[in-house]
Asks: 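Here it is: the structure, laid out below.
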Amino acid sequence: MTPSAQTPRPRMVVPKLVEAHCHLDKCHSFHRLGPVGGDLRKAIETQAADRDNWTEDDLRARAGQGLQEAAMAGCSALRTHIDWRDTASPPRAWSVVTELAQGMAGMTVQCAALMGVDQMADATFCNAVARGIAPTGGVLGAFVLDHADRTAGLRNMFDAAARHGLPLDFHADEGLGDFDGVEAIADMAIETDFAGPILCGHACGLMDKDTATLARVIDKLARAGIAVCALPTTNLYLQGRAHGTPDRRGLTRLRELQAGGVPIVLASDNVADAFCPVGRHDPMEALHLGVMGAHLDPPFGRWLPAVTTHAAAALGLRPVLVKGSSPRDLLLSTATTTADLVAGRGSLTPLHEGPT
Ligand SMILES: [Zn+2]
């Protein structure tokens, strides 16, 4: 017997991953967009001009590609935002993704409505949206920056989500600068004593808070039970643009948030669209980029919940722990350290069909 035969190869078992924030209606459209490269507002304009191409077949092909990528990356759950226009009924992409999700055995797919929080200031409209998405397991969401009627929009969203039992999800303060949307969301959550899960994506504006303000906002987020999701690909690509090479990082205060008891999540966000011309639906890749962008130091076991248990809880799903879980909920990696795992070295396969 050779020494190698006597020594079992080390393996690592981890929960399946959770893709907590992406955009299946926009993904894989980059090839037809023309010039891409600019800040958030430029990306919104460029992507909006592509909407005429969003036929049912087009959406099915691109969103299907995104879902397959997530499955290949080892995901058991995925939340996609769906752009919402000004009608109360769900857009075409909602039904396309819902239909695709039914063919994704072993993956939970959530759709989150995405529109300006100012649209939600109309309580009748907000209620109609919430009532319409509730039977589909949908998530009530909005883009929150310095909108007019922001407070009224948030209040209506929290009321409607409580009434219909919906999770809440926000694109909040997606920009470097002195924004206060995250704090407004935390204030509303505390005031309304909202019981459901709340996920705040981006929160880039926390980078520009002074120490005392940051501590106050983190305390409110922790008390409100709000999870914060960093999206490194899109925010490193879009934020901090001026001339030439950027000298700022468009992330959020991941280290301070975690130290303050706020569950942090990392996700893929935009993939091959006007907001990010590269990327892929792979939460581990998002964590890998977060390690460099936000200085998430080893040991990496303390950051893995950002793409597993914390991400699941933020989506209102049962977090999967390795101990006591079904092999169907777990992944097997040939990586021998968490650093190798996060770096993408070694295979990552479903445990129940992994290598023997
Ligand atoms: Zn997003």
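Order of listing sets the numbers, starting from 1, for every ligand and every atom in it. Residue indices begin at 1 and follow the sequence shown.
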Asks: Do the ring planes of His28 and His281 sit parallel (below 30°), tilted (30 to 60°) or perpendicular (above 60°)?
Replies: tilted
Asks: Report the name of the N/O/S atom of His21 located nearest to the Zn ion (ligand 1).
Replies: NE2
Asks: Closer than 3.5 angstrom, by distance alone: can the side chain of Asp173 be matched with the main-chain N or O of Gly181 as a donor-acceptor pair?
Replies: yes
Asks: Distance check below 2.8 Å: does Asp269 bring an N, O or S atom to the Zn ion (ligand 1)?
Replies: yes
Asks: For Arg85, look at atom CZ and say whether over 12 heavy atoms of other residues, nucleotides or ligands are found less than 6.0 Å away.
Replies: no
Asks: Using 2.8 Å as a strict upper limit, say whether an N, O or S atom of Cys22 approaches the Zn ion (ligand 1) that closely.
Replies: no
Asks: Looking at Arg318, Lys16, Lys323, which hits salt bridge (charged side-chain N to carboxylate O under 4.0 Å, His left out) with Asp329?
Replies: Arg318
Asks: Rounded to 10°, how many degrees is the angle NE2/His171-the Zn ion (ligand 1)-NE2/His23?
Replies: 90°
